[in-house]
Amino acid sequence: MQITGKTVFIPGATSGIGLALALRLYERGNTVIVGGRRQELLDRITAAHPGIVGVRIDTAEPDSITAAAAHILAAHPDLDVLITMAGIMKVEDWHSADFLASAEQQVVTNVLGPIRLIAEFVEHLQSRPDAAIITVSSGLAFAPLRVTPTYNATKAAIHMLSETLRLQLADTSVRVLELEPPAVRTALLPGQEDSDFAMPLDDFADEVVQILETQPDVTEIQVQNVKFLRYGEARGDYPQVVAALNRLDPHGN
Ligand SMILES: NC(=O)c1ccc[n+]([C@@H]2O[C@H](COP(=O)([O-])OP(=O)(O)OC[C@H]3O[C@@H](n4cnc5c(N)ncnc54)[C@H](OP(=O)(O)O)[C@@H]3O)[C@@H](O)[C@H]2O)c1
């Protein structure tokens, strides 16, 4: 994928991976629109980087997605790339029904959010000559972390959605890419920003941009660190991957 001269919308870029990629895409000459719920972070980002545009959006709310999409398409009719970054991750114990509210919240944000975003932008993107939808799954789509059942399932859903959407949109100008991060030091889970188990954010974002720059036909964006989780089944060491992943669980569960 060409990553200069594009107009890119990243809902879920007020922090973490989304922000790190937004800054790198901006530095490479793209028009970047960052989205999220936290207005104070949007204000801080746009003040520090006057070329970056901030749009408040809650991707768990259909009306908010529709309003943000209308605003963005009116202001940026040259939008070529949507990165469905917004996501949440919750630790759950399914021995009792207490997990239900957390599970529903994650399905709404991590699955319905991207689906609703794609619905808002897919027709527009097909009018652009070289467009892309970049979804965000996880290494946990391919091997389960015991303490996050719903999260793992939402990311597996995003993986299969991405695979299928790529087939459907093969007859259009819209490419479908899937970003599959390993554990990265962000605020996704409490304590993760300092976790030795997770990859430094800047190293991850640099490697992602390098992949995009050097592998123009990539469909699954995989840094080296995610391949342990991603290819356990293919290698035939899936049970060992699952065992190692859960022994290393930073929450000690
Ligand atoms: N870090 C990892 O280890 C890892 C691994 C695999 C996959 N991922 C995925 O990477 C993506 C980014 O996560 P991160 O690690 O960078 O965590 P993060 O720092 O917590 O970032 C999450 C981003 O999503 C936004 N967001 C969450 N709910 C939202 C909502 N309802 N509406 C709009 N924006 C929302 C947040 O913005 P506001 O709070 O301002 O709304 C924030 O910008 C997620 O999809 C996550 O599942 C992360």
Side-chain angles (χ1 to χ4, degrees), residues 9-23 32-46 52 54-69 82-91 102 104-114 116-117 134-145 148 150-159 161-162 178-205 207-208 220-223 225-226 228-230 245 248-251:
F9 175 40
I10 315 178
T14 50
S15 63
I17 294 172
L19 178 57
L21 290 180
L23 296 178
V32 178
I33 306 156
V34 300
R37 294 164 298 181
R38 288 172 287 177
Q39 187 65 51
E40 72 279 11
L41 291 185
L42 293 170
D43 292 345
R44 204 180 302 163
I45 294 163
T46 53
I52 292 183
V55 172
R56 197 184 174 281
I57 181 171
D58 183 345
T59 64
E61 296 291 338
D63 291 348
S64 176
I65 294 177
T66 301
L82 168 68
I83 307 181
T84 57
M85 181 65 66
I88 55 173
M89 181 178 195
K90 305 283 180 195
V91 172
S102 140
E104 290 178 351
Q105 192 189 10
Q106 287 174 92
V107 171
V108 168
T109 303
N110 296 0
V111 183
L112 280 177
R116 289 171 174 150
L117 282 161
I134 305 182
T135 60
V136 182
S137 65
S138 168
L140 300 180
F142 307 95
L145 185 64
T148 55
T150 305
Y151 180 81
N152 307 337
T154 63
K155 294 301 184 178
I158 291 299
H159 171 64
L161 182 72
S162 310
E178 176 187 353
L179 175 62
E180 300 169 358
V184 178
R185 287 181 204 162
T186 70
L188 189 62
L189 274 182
Q192 189 164 328
E193 277 168 308
D194 305 314
S195 169
D196 290 338
F197 178 74
M199 187 173 179
L201 177 59
D202 284 336
D203 292 355
F204 171 74
E207 196 173 337
V208 168
E220 295 179 55
I221 306 164
Q222 300 164 344
V223 299
N225 277 10
V226 84
F228 172 70
L229 297 176
R230 173 67 181 88
L245 174 66
L248 291 174
D249 169 16
H251 299 275

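Both counts, for ligands and for their atoms, begin at 1 and track the order of listing. The figures here come from the full heavy-atom set of this structure, side chains too, leaving out hydrogens, waters and symmetry mates. Numbers here simply count residues along the sequence, with the first being 1. Note that this is a predicted model, so its numbers are computed, not measured.
- Atom numbering of ligand 1 starts at 1 in the shown order; those under 4.0 Å from a heavy atom of G87 are 22 (C), 24 (O), 27 (C), 44 (C), 45 (O).
- Between I17 and ligand 1, an N or O atom pair is found at a separation short of 3.5 Å.
- At least one heavy atom of S137 sits less than 4.0 Å from an atom of ligand 1.
- In this structure a side-chain-to-backbone donor-acceptor pair under 3.5 Å is missing from K155 to F142.
- At least one heavy atom of A13 sits closer than 4.0 Å to an atom of ligand 1.
- Nearest approach of D58 to S64, heavy atoms of both residues: N-OG, 2.8 Å.
- Here the side chains of L179 and L21 are in contact, with some heavy-atom distance below 4.5 Å.
- Closest approach of I88 to Y151, counting heavy atoms only: O-CD1, 3.2 Å.
- Here the heavy atom of the protein found nearest to atom 21 (O) of ligand 1 is S15 OG, 3.4 Å.
- When only non-hydrogen protein atoms are considered, atom 31 (N) of ligand 1 lies nearest to D58 OD1, 2.8 Å.
- Distance check, rounded to the nearest 0.5 Å: CE of M199 to OG1 of T186 gives 13.0 Å.
- Atom 28 (N) of ligand 1 has R37 NH2, 3.2 Å as its closest protein atom, hydrogens excluded (heavy atom only).
- Interatomic distance, T150 OG1 to Q105 CD, rounded to the nearest 0.5 Å: 10.5 Å.
- Taken to the nearest 0.5 Å, the CG atom of L19 stands 8.5 Å off from the CD1 atom of I10.
- Closest approach of L117 and I57 over heavy atoms only: CD2-CD1, 4.0 Å.
- Residue contact annotation: M85 has a non-hydrogen atom under 4.0 Å from ligand 1.
- Given atom 43 (O) of ligand 1, the protein heavy atom at minimum distance is T14 OG1, 2.7 Å.
- Residue-level proximity to ligand 1 for T59 is carried by backbone and side chain together, each with a heavy atom below 4.0 angstrom.
- Between V184 and ligand 1, an N or O atom pair is found at a separation short of 3.5 Å.
- Contacts between P11 and ligand 1 below 4.0 angstrom, taking non-hydrogen atoms only, are absent altogether.
- Contacts between K155 and ligand 1, counted as non-hydrogen atom pairs separated by less than 4.0 Å, involve the side chain only.
- A 4.5 Å side-chain heavy-atom check between P182 and F204 finds at least one atom pair inside the cut-off.
- Remark: among candidates V136, L189, L188, the nearest residue to atom 48 (C) of ligand 1 is L188, based on non-hydrogen atoms.
- Of all the atoms in ligand 1, the ones that sit under 4.0 Å from a non-hydrogen atom of S138 are 6 (C), 7 (C).
- For the ligand labelled ligand 1, residue I57 lies inside the 4.0 Å heavy-atom shell.
- The nearest heavy-atom contact from the protein to atom 34 (N) of ligand 1 is A86 CB, 3.5 Å.
- For ligand 1, the atoms closer than 4.0 angstrom to any heavy atom of Y151 are 6 (C), 7 (C), 8 (N), 9 (C), 46 (C), 47 (O).
- Remark: distances from the non-hydrogen atoms of G35 to ligand 1 are all 4.0 Å or more.
- Put simply, the side chain of N152 gets close to the backbone of L145: a donor and an acceptor are under 3.5 Å apart.
- When side chains are defined from C-beta on, V136 counts as touching P181, because their heavy atoms get closer than 4.5 Å.
- The contact set between ligand 1 and A183, taken as ligand atoms under 4.0 Å from a residue heavy atom, comprises 3 (O).
- Annotation: atom 5 (C) of ligand 1 to nearest protein heavy atom, P182 O, 3.1 Å.
- Considering only non-hydrogen protein atoms, atom 25 (C) of ligand 1 sits nearest to G12 CA, 3.6 Å.
- Under the 3.5 Å distance criterion, the side-chain polar atoms of R185 are matched with a main-chain donor or acceptor of A198.
- Closest non-hydrogen pair, P62 versus A60, comes out as CD-O, 3.8 Å.
- For ligand 1, the atoms closer than 4.0 angstrom to any heavy atom of R38 are 36 (C), 37 (O), 38 (P), 39 (O), 40 (O), 42 (C).
- Counting heavy atoms under 4.0 Å from ligand 1, residue T186 touches it through the side chain alone.
- Close contacts of ligand 1 with G16, meaning ligand atoms under 4.0 Å from a residue heavy atom, involve 16 (O), 19 (O).
- Residue contacts with ligand 1, taken as heavy atom pairs separated by less than 4.0 Å, involve Q192 solely via side-chain atoms from C-beta onward.
- Among N110, T109, T148, the single residue meeting the side-chain hydrogen bond (donor to acceptor under 3.5 Å, both in side chains) criterion with T154 is N110.
- Contact annotation: A198 has no heavy atom less than 4.0 Å from any atom of ligand 1.
- Close contacts between ligand 1 and A60 involve ligand atoms 31 (N) [criterion: under 4.0 Å to a heavy atom].
- Between the side chain of Q106 and the main chain of K90, a donor-acceptor pair closer than 3.5 Å is present.
- Using a 4.5 Å heavy-atom threshold, the side chains of R230 and H159 count as touching.
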